[in-house]
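To start, the structure itself, in structure tokens.
Small disclaimer: the values here were computed from a predicted structure and weren't measured.
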Protein chains: 4
Amino acid sequence: MSDARKPYPARRSERSRHAILEAARALIGEVGYGKVSIEAIAARAGVGKQTIYRWWPSKGAVVFESILALSQDPQSEEIALPDTGDIEADLKLVMRATAAEFADPAFEAPIRALTSEIVNDPDLAAQYHERLAGPLEEAKKARLRAAQEAGQLAADADLDLVLDVLYSPLHRRWLYRSGPLTPEYADALVDVTLRAFRP
Amino acid sequence: MSDARKPYPARRSERSRHAILEAARALIGEVGYGKVSIEAIAARAGVGKQTIYRWWPSKGAVVFESILALSQDPQSEEIALPDTGDIEADLKLVMRATAAEFADPAFEAPIRALTSEIVNDPDLAAQYHERLAGPLEEAKKARLRAAQEAGQLAADADLDLVLDVLYSPLHRRWLYRSGPLTPEYADALVDVTLRAFRP
Amino acid sequence: MSDARKPYPARRSERSRHAILEAARALIGEVGYGKVSIEAIAARAGVGKQTIYRWWPSKGAVVFESILALSQDPQSEEIALPDTGDIEADLKLVMRATAAEFADPAFEAPIRALTSEIVNDPDLAAQYHERLAGPLEEAKKARLRAAQEAGQLAADADLDLVLDVLYSPLHRRWLYRSGPLTPEYADALVDVTLRAFRP
Amino acid sequence: MSDARKPYPARRSERSRHAILEAARALIGEVGYGKVSIEAIAARAGVGKQTIYRWWPSKGAVVFESILALSQDPQSEEIALPDTGDIEADLKLVMRATAAEFADPAFEAPIRALTSEIVNDPDLAAQYHERLAGPLEEAKKARLRAAQEAGQLAADADLDLVLDVLYSPLHRRWLYRSGPLTPEYADALVDVTLRAFRP
DNA sequence: ACTTAATCGAGACGGTACGTCAAGTCTTTTG
DNA sequence: CAAAAGACTTGACGTACCGTCTCGATTAAGT
């Protein structure tokens with residue numbers, strides 16, 4: 001009887017699951033995503049390779065989930081952006097923080113790994129959206145909606161588009177290393193965006 | 001690398017060089033970037049493996065160059081954007097074309113491959129900038145400068161920032177598959193950008 | 001072996017025991033001894049692996065017992081060789097039958113499997129002797145004793161030796177495939193043996 | 001390019017070939033045939049697994065050749081049995097030596113391993129015949145022919161049959177552990193054989 | 001035109017990792 | 001409490017490629 005079909009999750013070992021994700025996370029940090037192997041994850045987690053193959057379809061999926069797990073625990077349930085009533089100040093705060101995060105090497109490595117996976121795997125891209133990017137975007141849109149109601153943003157602005165204009169340039173600069181992620185750049189993006197969507 | 005103290009380019013076989021790049025390009029299209037191997041490239045090109053290792057440091061470099069070669073040949077020397085005098089119409093034309101290009105599967109595969117490499121290798125990112133993205137950006141900035149002179153764009157606008165705002169959202173949508181690349185979206189980006197940077 | 005401190009045979013499921021031996025026998029015929037696995041036996045028998053491990057120490061033991069069971073059932077209790085009074089005729093009959101049996105592919109596979117086990121496991125060799133070979137030899141020796149009493153065989157002949165000389169060459173030829181198992185060869189062995197041990 | 005097809009023996013590494021056979025031989029002695037793995041042979045020989053798979057089709061073939069190599073080197077070219085003119089004395093000498101050899105544990109292990117392989121693989125059986133058993137049998141038959149010419153053996157005796165009767169019982173007793181391999185037993189077999197085939 | 005030295009196609013080599021199979025152990029649920 | 005079910009760790013399988021290392025056989029310079 002091969003292990004190939006329909007493992008029955010009720011019997012799944014929580015201990016193993018956790019050890020695998022933790023090992024994956026640690027190895028990405030230590031040797032870089034490209035050099036992480038399933039064998040190394042299994043060895044580090046004290047787990048048989050089959051236990052990985054039983055529950056995940058690919059290295060990408062393990063790595064993906066290990067990073068998701070990493071990102072989700074701390075913020076737990078609720079994500080909310082600061083709301084002082086001043087949309088410009090609030091956005092600049094958030095954008096500067098985002099820029100700083102991207103510049104932090106400890107943060108970079110796993111996110112680049114994750115991005116590599118997402119670029120080449122539509123399934124993971126969908127999961128990424130649903131589980132990580134989506135909730136975050138909702139939180140941002142909630143803050144923007146408040147700004148609309150306060151008359152600081154055009155009432156008919158497409159909030160998805162606003163977010164695209166606000167974040168994409170920063171993201172692209174980071175991904176392609178096409179320029180420095182300075183606070184000034186963050187501020188400039190906020191200024192441009194508010195100018196484009198002012199009431 | 002034993003053989004490779006100083007590969008002396010004068011003796012390099014142009015026939016082999018070309019066959020290798022061509023084989024790489026073909027294989028990316030057939031099996032996808034992740035599954036292309038040096039051995040397969042060598043076999044397909046009718047070349048010894050050492051001939052590849054002698055001239056390129058990694059699979060990424062071969063693939064990268066094969067795609068660069070692909071992109072450069074047709075447009076040869078000069079790249080220029082249309083200039084009808086109407087910046088809005090011209091940009092919409094270009095942006096719609098870009099969106100269509102991204103949506104074309106034959107175009108997608110190699111560019112995603114290239115992007116995978118760039119994300120994880122700063123050297124390749126630099127080369128990409130210098131040899132592909134840079135010249136293109138210059139052409140775009142030339143057109144924007146003409147618009148500034150025609151009073152259609154703020155004279156003090158940072159043209160790099162303008163390009164970021166214009167292209168990044170489209171690019172990001174494509175890379176993360178986070179939304180459809182419609183002509184309407186292309187138009188909306190042009191509208192937003194012109195609104196943000198109007199004189 | 002956790003479960004197996006003292007498997008308490010009183011509660012043993014006869015249904016399972018039989019299904020396991022039957023499954024083992026069937027699989028040997030279908031895929032060959034070398035490719036039979038405990039997992040396959042368990043699956044085919046509709047039995048948990050532990051149920052096999054609880055009652056048998058190794059794959060060899062299961063296979064061995066399944067073949068023993070196969071050989072014993074039909075002949076049940078009593079085995080006796082033909083006795084027409086003519087030892088030469090009787091032996092030739094038996095030897096030709098034995099040669100034919102060995103040449104039958106359906107018979108071969110399990111016996112070769114059994115032999116593989118026996119060669120490398122002295123315990124199984126002993127069991128084989130006690131449960132299969134021994135009784136058969138007794139029957140043969142009974143017939144030879146009758147021949148001695150009839151003055152057709154030297155009275156002081158060592159009957160074990162007689163059997164060795166009679167059967168071993170045939171057996172070896174089969175095992176090593178070192179020659180054809182013809183009726184003529186069977187006859188020749190009887191002739192040689194009777195000549196060597198004539199009164 | 002996979003390694004799968006037609007390795008070209010001219011480039012074969014003699015160093016590796018020898019190390020592999022030597023490692024196989026050593027491991028059989030240390031852990032027993034059943035527990036020898038290709039991986040262990042490769043590791044012990046300081047060789048990649050593929051180098052084994054490139055030149056041998058199976059574990060059995062490697063083990064087989066390692067034992068053949070072992071048996072062939074010392075006796076090199078010519079094998080000849082003693083010939084004092086007294087066939088009985090000569091045969092008893094040889095048979096007692098054979099019995100002693102079988103009883104030696106250092107000799108036993110590899111020969112049992114070899115036998116296991118031969119039983120289940122007709123190809124190996126054929127090779128065994130051609131490269132080991134055949135030449136030996138020729139030497140024995142040469143001695144028996146001399147005895148025929150000296151009038152110590154029936155002139156019309158089938159020498160293959162003589163060898164069968166002489167050796168098979170000893171061999172079988174060893175293989176099945178069905179009795180002790182004493183010098184007396186060896187002598188008895190010579191006596192029986194000579195009686196059966198006396199002129 | 002003639003060496004002569006680097007490049008070439010080919011492919012064997014020592015290795016690492018793959019994804020699969022089965023072994024034997026352990027745990028949970030069912031009868 | 002035995003048995004079915006099946007997840008677990010372990011370890012070997014046979015394959016795919018890696019990057020290095022010979023091999024002759026071109027091939028293009030510099031004599």
Side-chain angles (χ1 to χ4, degrees), chain A residues 1-4 6-13 15-16 35 37-40 42 45-55 58-59, chain B residues 1-13 15-16 35-40 42-43 45-55 57-59, chain C residues 1-4 7-8 10-13 15-16 35-40 42-43 45-55 57-59, chain D residues 1-13 15-16 35-40 42-43 45-55 58-59:
Chain A
M1 197 172 296
S2 127
D3 275 293
K6 286 189 219 160
Y8 171 31
R11 293 213 193 282
R12 181 166 187 181
S13 159
R15 201 202 127 278
S16 294
K35 287 177 187 159
S37 67
I38 296 269
E39 302 220 322
V47 137
K49 276 199 287 180
Q50 202 58 245
T51 300
I52 299 183
Y53 285 112
R54 184 153 32 231
W55 303 108
S58 67
K59 183 177 82 167
Chain B
M1 211 169 290
S2 76
D3 241 284
R5 301 140 200 249
K6 260 165 209 166
Y8 173 29
R11 290 189 182 240
R12 182 166 187 181
S13 158
R15 201 204 126 275
S16 294
K35 286 177 188 160
V36 172
S37 67
I38 294 273
E39 303 222 325
V47 137
K49 281 199 285 179
Q50 200 57 243
T51 302
I52 299 182
Y53 285 113
R54 186 150 34 225
W55 304 107
S58 67
K59 182 178 85 167
Chain C
M1 211 168 291
S2 76
D3 240 284
Y8 172 31
R11 297 210 175 215
R12 181 168 187 180
S13 157
R15 200 203 127 277
S16 294
K35 287 176 187 160
V36 172
S37 67
I38 294 273
E39 304 222 325
V47 136
K49 280 200 286 179
Q50 200 57 244
T51 302
I52 298 182
Y53 285 113
R54 192 158 20 235
W55 302 108
S58 68
K59 182 177 83 168
Chain D
M1 198 171 297
S2 129
D3 278 292
R5 264 154 251 244
K6 286 188 216 158
Y8 171 31
R11 293 215 193 284
R12 182 167 186 178
S13 159
R15 200 202 129 277
S16 294
K35 287 176 188 162
V36 172
S37 67
I38 296 268
E39 302 220 321
V47 137
K49 278 199 285 179
Q50 201 61 245
T51 300
I52 299 183
Y53 285 112
R54 184 151 36 227
W55 303 108
S58 67
K59 182 176 83 167

D/Ser16 side chain, from C-beta outward: closest of F/dA4, E/dA23, E/dC13
E/dC13
Given F/dG19, E/dT20, F/dA5, identify the nucleotide with an atom nearest to the side chain of A/Arg11.
F/dA5
Report yes if a side-chain nitrogen or oxygen of C/Thr51 is closer than 4.0 Å to either non-bridging phosphate oxygen (OP1 or OP2) of F/dA2; otherwise report no.
no
Whole angstrom is fine here: how far is it from CD in C/Gln50 over to C1' in F/dC1?
14 Å
Nearest nucleotide by nearest heavy atom, which residue falls closer to the 5' end of DNA chain E, C/Lys35 or B/Ala45?
B/Ala45
Rounded (10°) bend between the five-pair end axes of the helix from E/dA1-F/dT31 to E/dG31-F/dC1:
20°
Rounded to whole Å, CZ of A/Arg12 lies from C1' of E/dC26 at a distance of 18 Å
Just compare F/dG14, F/dT9, F/dC18 and give me whichever is closest to any side-chain atom of B/Ser37.
F/dC18
Round to a whole Å and report the spacing from CZ of A/Arg15 to P of E/dC26.
14 Å
Which heavy atom of D/Ala42 sits nearest a heavy atom of D/Gly48, and at what distance?
CB-C, 4.3 Å
Within the structure, does a side-chain N or O atom of D/Arg54 lie under 4.0 Å from either OP1 or OP2 of F/dG14?
no
Using whole Å, what does the distance between atom C1' of nucleotide E/dC13 and atom OH of D/Tyr53 come to?
17 Å
A/Lys49 side chain to A/Ile38 backbone, donor-acceptor under 3.5 Å:
no
What's the shortest heavy-atom distance between B/Ser16 and B/Thr51, and which atoms?
CB-CG2, 4.3 Å
Could you give the CD1-to-P distance, from D/Ile52 to E/dG14, as a whole number of Å?
9 Å
Reading DNA chain F from 5' onward, which residue's closest nucleotide shows up sooner: D/Val36 or A/Gly48?
A/Gly48
Is a donor-acceptor pair below 3.5 Å formed from side chain D/Lys49 to base E/dG14, judging by atom type as modelled?
no
Give D/Ser13 one of three labels, base, sugar-phosphate or nothing, depending on what nucleic acid heavy atoms sit under 4.0 Å from its own.
sugar-phosphate
Rounded to whole Å, CH2 of B/Trp55 lies from C1' of E/dC8 at a distance of 11 Å
Specify the residue among B/Ile38 and A/Glu39 whose closest nucleotide of DNA chain F lies further upstream toward the 5′ end.
A/Glu39
